[in-house]
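Since the structure comes first, as C-alpha cells, the remarks are kept for the end.
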2 protein chains.
Amino acid sequence: MNKSEALSERAGNETSDLSKARLRAWLQILKVSRKIEGELREKMRLEFGSTLPRFDVLAALYRERDGMRMSELSKSLMVSNGNVTGIVDRLVAEGLVVRMPVENDRRASIVRLTPAGEKDFAERALVHEGWVSDLFSDLSSGDADALIRILRNISHHNEAPHHD
Amino acid sequence: MNKSEALSERAGNETSDLSKARLRAWLQILKVSRKIEGELREKMRLEFGSTLPRFDVLAALYRERDGMRMSELSKSLMVSNGNVTGIVDRLVAEGLVVRMPVENDRRASIVRLTPAGEKDFAERALVHEGWVSDLFSDLSSGDADALIRILRNISHHNEAPHHD
DNA sequence: CACAAATATTTTAGGTTTGAAATATTTTCA
DNA sequence: TGAAAATATTTCAAACCTAAAATATTTGTG
C-alpha cells in the first residue's frame with residue numbers, strides 16, 4: 001500500500017479512492033460487454049439462426065484447422081469442459097463440426113470443422129467483424145490501442161498460473 | 001469513411017485496419033470481462049454461498065431503498081423480465097428481499113430489501129470492492145480514468161433509443 | 001359502458017454455464 | 001503385473017438467460 005492509499009484508509013471499513021475508481025472501471029467494462037454481447041447475440045440469432053457460444057467454438061476451430069481436443073477447446077474458450085460438450089453436440093447435429101477418435105487414446109476426441117463448417121464460419125466471421133466495427137464506430141484507432149494496452153495489463157496480471 | 005479507410009478497402013470483402021483494431025479491442029474486453037467475472041463468481045460462491053446475479057439485484061435495490069418494480073429492476077440490470085423473476089424468487093426464499101403489492105395497480109409489485117438483505121449486502125459490498133481492487137491492482141488511477149472515458153463513449157453510442 | 005390496446009409480470013421452451021460426480025481409459029510405480 | 005493415480009470426457013443438478021406466449025390488470029376510445 002502506498003502513502004496516499006494508507007492516508008486515505010480509516011478505521012471501520014472505508015475504501016480508497018483508487019479502489020472506488022477501479023470498481024467504477026469494472027462496472028463500466030461489465031456494462032459495455034453486456035450491451036455489445038446482447039446486440040451481437042440478437043444479430044447472430046436473426047441473421048444466422050445461431051448463437052454466440054457456437055460462433056466462439058467455430059472461431060477457435062477455424063484457427064486450428066487440424067482440430068482440437070475437447071479439453072483444448074474449453075481451455076481456449078475459458079469455459080468448463082461440460083459446457084463445451086453440449087455446444088459441440090449441437091454443432092455436430094448442424095453438420096458444422098465432427099468428432100474424430102484420437103490414435104492411441106480412446107478417452108479423447110478431436111473436434112474439427114467440416115467443409116460446411118469452414119464455409120459457414122468464413123462467411124459469418126466477415127459479417128461479424130462488420131457488426132463489431134459498427135458497434136464500436138465511435139472508437140478511434142488511438143483509443144482502440146489504448147484500450148487494448150490497458151486491458152492486456154489487467155489480463156496478464158490475472159493470468160492463471162500454469163503448472164509445470 | 002475517411003481517406004485511409006477508403007484506400008484500404010478492396011473488392012471481395014476485405015476489411016479495414018480500423019475494423020480489425022476494433023475487433024481486437026472487443027475480444028480483449030470480452031476476455032477481461034470473462035476472466036474477472038469468473039473470479040468474482042467463485043469468490044461469491046465460496047465466501048457468501050451466493051451468485052453474481054443475486055449480488056447485482058441486491059446492489060440495485062440497495063441504491064433504491066424504497067424498492068423497485070420488477071420491470072425497473074430488469075431495465076436497470078439490462079436483463080430480461082423473466083430472468084429477474086427467478087432471481088428475485090430465490091432472494092425471497094433466502095429472506096433477503098420481499099415483494100409488496102402496489103397501491104392501485106394489481107399487475108405490478110415492488111421488490112425491496114428486508115433488514116437482513118440490507119445488512120448482508122452492506123457487508124458483501126465492501127468485501128466485493130476489495131476483490132475488484134485486487135483483481136485490478138495493476139490498473140493505475142490514470143488508466144482507470146482513461147478506461148472509463150473510452151468505454152463511456154462506446155456505451156453512449158449504443159444507448160437504447162428511448163420512446164417518448 | 002364495452003372492448004381493444006397497452007402494460008406488468010410470470011411461465012415456458014430451449015440454450016448456456018458451472019461445479020461435482022460418474023465413466024472410461026491411460027499412466028505410474030511399487 | 002496390477003492397483004492407484006492421473007487424465008479426458010460426459011452426465012447431472014441447479015442456476016442463469018433469452019424470446020415468446022400466456023395471464024392478469026389497467027387505460028384509452030368510440
Side-chain angles (χ1 to χ4, degrees), chain A residues 30 33-35 37-58 67-94 97 99-111 163-164, chain B residues 30 33-35 37-58 67-94 97 99-111 163-164:
Chain A
L30 210 47
S33 124
R34 282 195 190 166
K35 173 67 82 179
E37 213 163 343
E39 299 283 348
L40 292 177
R41 175 189 306 115
E42 185 179 12
K43 289 175 191 297
M44 208 57 89
R45 182 175 60 87
L46 297 176
E47 300 290 317
F48 301 144
S50 191
T51 66
L52 279 174
R54 287 178 215 180
F55 184 81
D56 291 343
V57 167
L58 295 178
M68 299 170 82
R69 293 185 173 212
M70 295 297 286
S71 44
E72 290 175 318
L73 213 36
S74 67
K75 187 174 192 177
S76 142
L77 301 173
M78 298 197 298
V79 300
S80 68
N81 261 336
N83 187 2
V84 175
T85 297
I87 295 167
V88 166
D89 285 349
R90 288 176 201 106
L91 288 171
V92 168
E94 292 181 74
V97 312
R99 265 187 253 245
M100 299 181 316
V102 173
E103 202 72 4
N104 297 326
D105 191 344
R106 287 185 299 172
R107 294 168 303 181
S109 61
I110 297 265
V111 185
H163 309 280
D164 317 77
Chain B
L30 209 48
S33 122
R34 281 195 191 167
K35 172 69 82 179
E37 213 163 343
E39 299 284 348
L40 292 177
R41 180 195 358 270
E42 186 178 9
K43 289 176 191 296
M44 207 58 89
R45 181 175 60 87
L46 297 176
E47 300 290 315
F48 302 144
S50 191
T51 65
L52 280 173
R54 288 178 215 179
F55 183 82
D56 291 344
V57 167
L58 295 178
M68 299 171 82
R69 294 183 172 213
M70 294 297 286
S71 45
E72 290 175 318
L73 214 35
S74 67
K75 188 175 192 178
S76 143
L77 301 174
M78 300 196 298
V79 300
S80 67
N81 261 338
N83 188 5
V84 175
T85 297
I87 295 167
V88 166
D89 284 349
R90 284 170 209 113
L91 288 171
V92 168
E94 292 181 73
V97 312
R99 264 185 254 247
M100 300 181 315
V102 173
E103 202 73 3
N104 297 326
D105 192 345
R106 288 186 298 174
R107 294 168 303 181
S109 61
I110 296 265
V111 185
H163 308 280
D164 321 74

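Residue numbers start from 1 in every chain, and the chains themselves are labelled A, B, ... in the order their sequence lines are given, proteins ahead of strands.
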Could you list all N or O pairs between the protein and nucleotides 9-12 of chain C that sit under 3.5 Å apart?
residue: C:dT9; atom: OP1; partner: B:Met70; partner atom: N; Å: 3.4
residue: C:dT9; atom: OP1; partner: B:Ser109; partner atom: N; Å: 3.1
residue: C:dT9; atom: OP1; partner: B:Ser109; partner atom: O; Å: 3.1
residue: C:dT9; atom: OP2; partner: B:Ser71; partner atom: N; Å: 2.7
residue: C:dT9; atom: OP2; partner: B:Ser71; partner atom: OG; Å: 2.5
residue: C:dT10; atom: OP1; partner: B:Arg99; partner atom: NH1; Å: 2.8
residue: C:dT10; atom: OP2; partner: B:Thr85; partner atom: OG1; Å: 2.9

Whole-Å gap separating C1' (D:dT9) and CG (A:Leu77):
16 Å
Below 4.0 angstrom from OP1 or OP2 of C:dT16, is there any side-chain N or O of A:Arg54?
yes
Side-chain contact test, heavy atoms from C-beta onward, threshold under 4.5 Å: evaluate it for B:Arg99 versus B:Met70 and give yes or no.
yes
Find the distance between NZ (A:Lys75) and CG (A:Leu73) and round it off to the nearest 0.5 Å.
13.0 Å
Rounded to whole Å, please give me the gap between CD1 in A:Ile87 and P in D:dT9.
15 Å
Assess the residue pair A:Val57 and A:Arg90 against the criterion (side-chain contact (heavy atoms from CB on, under 4.5 Å)); give the C-alpha distance rounded to whole Å, side-chain angles, the decisive distance to 0.1 Å, and a yes or no.
CA-CA 11 Å; A:Val57 167; A:Arg90 288 176 201 106; over 6 Å; no
Starting from the C-alpha separation in whole Å, work towards a yes-or-no answer on side-chain contact (heavy atoms from CB on, under 4.5 Å) for A:Val111 and A:Arg69.
CA-CA 6 Å; A:Val111 185; A:Arg69 293 185 173 212; over 6 Å; no
Between A:Glu42 and A:Asp105, whichever has its closest DNA chain D nucleotide further toward 5' is A:Asp105
Closest non-hydrogen atom pair, A:Leu58 against A:Val97
CD2-CG1, 3.9 Å
What nucleic acid atoms does A:Leu52 come within less than 4.0 Å of, heavy atoms only: base, sugar-phosphate, or nothing?
nothing
Can you tell if the side chain of A:Val84 reaches within under 4.5 Å of the side chain of A:Met68, non-hydrogen atoms only?
no
From CE of A:Met44 over to P of C:dG14, roughly how many Å is that when rounded to an integer?
22 Å
Of the candidate nucleotides D:dA15, D:dC17, D:dT26, which contains the atom at the shortest distance from the side chain of B:Thr51?
D:dA15
Is any side-chain N or O of A:Arg90 closer than 4.0 Å to OP1 or OP2 of C:dT16?
yes
Below 4.0 angstrom from OP1 or OP2 of D:dA8, is there any side-chain N or O of A:Arg106?
no
